[in-house]
Amino acid sequence: MASVGLGFPLWIVTTHYLNILFLVFLARSGIQILTAFPFFYKNDHCEPGKEIFKFTRRKVPRDRLTQSLDWELDAPPWLALPGHKGIGIGRHWHFLAMMGWVLTGLVYIVLLLVTDQWRRLVPTTWEVFPQALQAATTYLHFQIPPPAPGLPFNALQQLAYFTVVFLLAPLQIATGAAMSPAIMARAPWYPSLFGGKQVARTLHFFGLLAFTAFVLVHTLMVVVHGIPEEWTRIVLGQATGVNPAAVADGLAGLLVILIANLAAHALAKRSPRLAQQLLAPPSDVLQRELSYHLHSRQHYSRSDISPYHWINGYPPPDQDYEELAKRQFEGYRLLITGRVETPLSLSLADLRRIGYESQIVKHNCIQGWSGIAEWSGVPLAKFIEHCHPTPEARYVVFHGFDDKAKTQPETGGVGRFYESLDLRLAVSPQTMLAWEMNGEPLPIPHGAPLRLRVETQLGFKMVKWIQSIEFVDDFRSIGLGHGGWREDYAMHSRVVGI
Ligand SMILES: Nc1nc2c(c(=O)[nH]1)N[C@H]1C(S)=C(S)[C@@H](COP(=O)(O)O)O[C@H]1N2
Ligand SMILES: [Mo]
């Protein structure tokens with residue numbers, strides 16, 4: 001092993017390279033995700049007009065119905081991955097890159113600690129602060145400070161690297177986790193550590209800015225300290241002067257990252273379905289683990305209820321639905337079909353007799369907004385018991401009244417909105433069929449007469465305006481076959497605990 005102060009071992013060179021690759025994908029897909037809801041709030045109510053900052057000039061109207069999807073930006077593809085309104089595939093890239101980046105980081109930290117390389121990163125004397133100040137002064141005089149004793153770089157660089165590795169990176173992971181509905185449902189105190197989900201989301205964005213600033217300055221320093229010598233050192237790990245082959249290797253490495261990004265765009269453009277099927281599986285495992293093992297335990301108080309609750313999805317414009325609504329849903333019957341002993345048709349009063357519970361919980365839309373409300377209805381576990389599904393039943397499918405070709409024509413998606421839940425997830429606590437919101441009959445925009453609540457999942461799973469419920473052994477024959485309308489047309493994952 002080379003002694004500290006000489007070269008960088010191969011594993012540092014390699015993890016450094018992988019870090020660049022993953023950070024580029026993380027940043028670009030992260031921008032994609034945040035443009036889906038370009039508003040930043042200081043509390044989890046996301047009340048329009050109370051933004052800390054926003055990336056749109058348009059003002060959200062309070063006097064007419066507006067859905068959050070109407071506020072998604074068309075992201076420029078040179079900046080965001082995959083660009084345009086591609087949050088579905090953007091999320092797959094984000095989670096895939098996150099897993100690669102975290103793994104790379106773990107390998108790096110472990111090797112750092114078991115070798116003596118940690119010495120270059122971790123300051124061992126308070127002298128580092130005055131030394132860093134001195135280095136900064138030297139830079140300000142347009143001169144290059146000498147390396148600190150025994151280190152290949154100066155004290156200011158050491159402090160910067162230490163901060164990025166041991167502060168910024170963990171904070172970015174921690175604020176990312178604070179946005180997960182599954183984690184939030186099981187441990188509502190966790191996002192509170194950051195001041196709530198929306199503050200965590202804002203900090204996560206500031207983290208992106210901090211990483212970007214670091215990369216820019218770091219790259220500038222490499223140039224200032226002397227390209228191509230520094231470049232050679234990055235590739236070979238050794239200060240051997242200029243090595244043209246190493247410079248070429250380094251450039252080739254950057255070219256690979258560029259090509260990987262172009263390929264990612266081509267894939268998303270040519271076959272978004274293939275992108276979904278290829279990229280989602282690794283994080284689906286993680287999402288399933290979180291969603292099936294973490295049960296919702298939310299008990300907010302009435303005073304926590306949001307003064308404004310966003311909606312997503314416009315109400316069914318059809319006459320049969322409007323007729324029902326006119327009569328306060330008096331003649332409404334919920335149809336239960338599929339793998340059940342006998343098909344059922346239940347009124348709201350029938351449902352009320354099966355069970356009744358209330359919960360004050362936080363809703364999380366995949367686009368990024370949240371809102372707290374009280375929901376009341378029958379626990380889905382009790383409802384399922386009442387339906388007597390046959391042993392073949394593995395999924396519960398909820399069909400809405402809304403034909404998305406009419407309510408969201410811009411996606412090109414057709415058919416009534418539907419979503420499926422694995423039976424295991426369906427019987428988890430605080431999963432319910434709700435007909436009341438905040439103590440009142442469910443308002444039409446929020447899904448009257450009946451909607452689903454699944455508190456460890458993102459909002460799109462919670463079908464509104466439920467017309468029928470179907471027990472199935474396989475969801476592949478429904479819609480386009482991917483387990484839900486947003487899975488079919490927005491390329492989302494079927495289980496969304498993050
Ligand atoms: N039938 C139907 N249910 C739906 C949708 C929809 O478009 N149609 N949108 C979903 C999405 S994306 C979200 S975030 C939640 C929003 O619930 P809310 O409008 O009551 O806030 O409803 C979900 N349920
Ligand atoms: Mo959503």
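In each ligand, atom 1 is the first atom listed, and ligand 1 is the first ligand listed.
- A side-chain donor-acceptor contact under 3.5 Å links Y17 to the backbone of G253.
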For ligand 1, what N or O to protein N or O distances fall under 3.5 Å?
unit_1	atom_1	unit_2	atom_2	d
ligand 1	1 (N)	D402	OD1	2.8
ligand 1	1 (N)	D402	OD2	3.2
ligand 1	1 (N)	K464	O	3.0
ligand 1	3 (N)	K464	N	2.9
ligand 1	7 (O)	K404	NZ	2.7
ligand 1	7 (O)	R486	NH2	3.3
ligand 1	8 (N)	D402	OD2	2.7
ligand 1	9 (N)	N312	O	3.1
ligand 1	9 (N)	R486	NH2	3.3
ligand 1	17 (O)	R451	NH2	3.1
ligand 1	19 (O)	N312	N	3.0
ligand 1	19 (O)	K464	NZ	2.5
ligand 1	20 (O)	H446	ND1	2.7
ligand 1	20 (O)	R451	NH1	2.7
ligand 1	21 (O)	H309	ND1	3.4
ligand 1	21 (O)	W310	O	2.7
ligand 1	24 (N)	M462	O	2.9

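- Partners of R288 under the side-chain contact (heavy atoms from CB on, under 4.5 Å) rule, at least two apart in sequence or in another chain, are Y292, V495.
- Under a cutoff of 6.0 Å and an axis angle of 45°, R58 and W71 form a cation-pi pair.
- Contact annotation: the side chain of P272 approaches that of I89 to within less than 4.5 Å [non-hydrogen atoms, C-beta and beyond].
- The salt bridge (Lys or Arg N to Asp or Glu O under 4.0 Å) check on K50 picks up E47, with sequence neighbours excluded.
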Residues 327-335, side-chain donor-acceptor partners within the protein, below 3.5 Å, at least two apart:
unit_1	atom_1	unit_2	atom_2	d
Y332	OH	I466	O	2.6
R333	NE	S345	OG	3.0
R333	NH2	S345	O	3.0

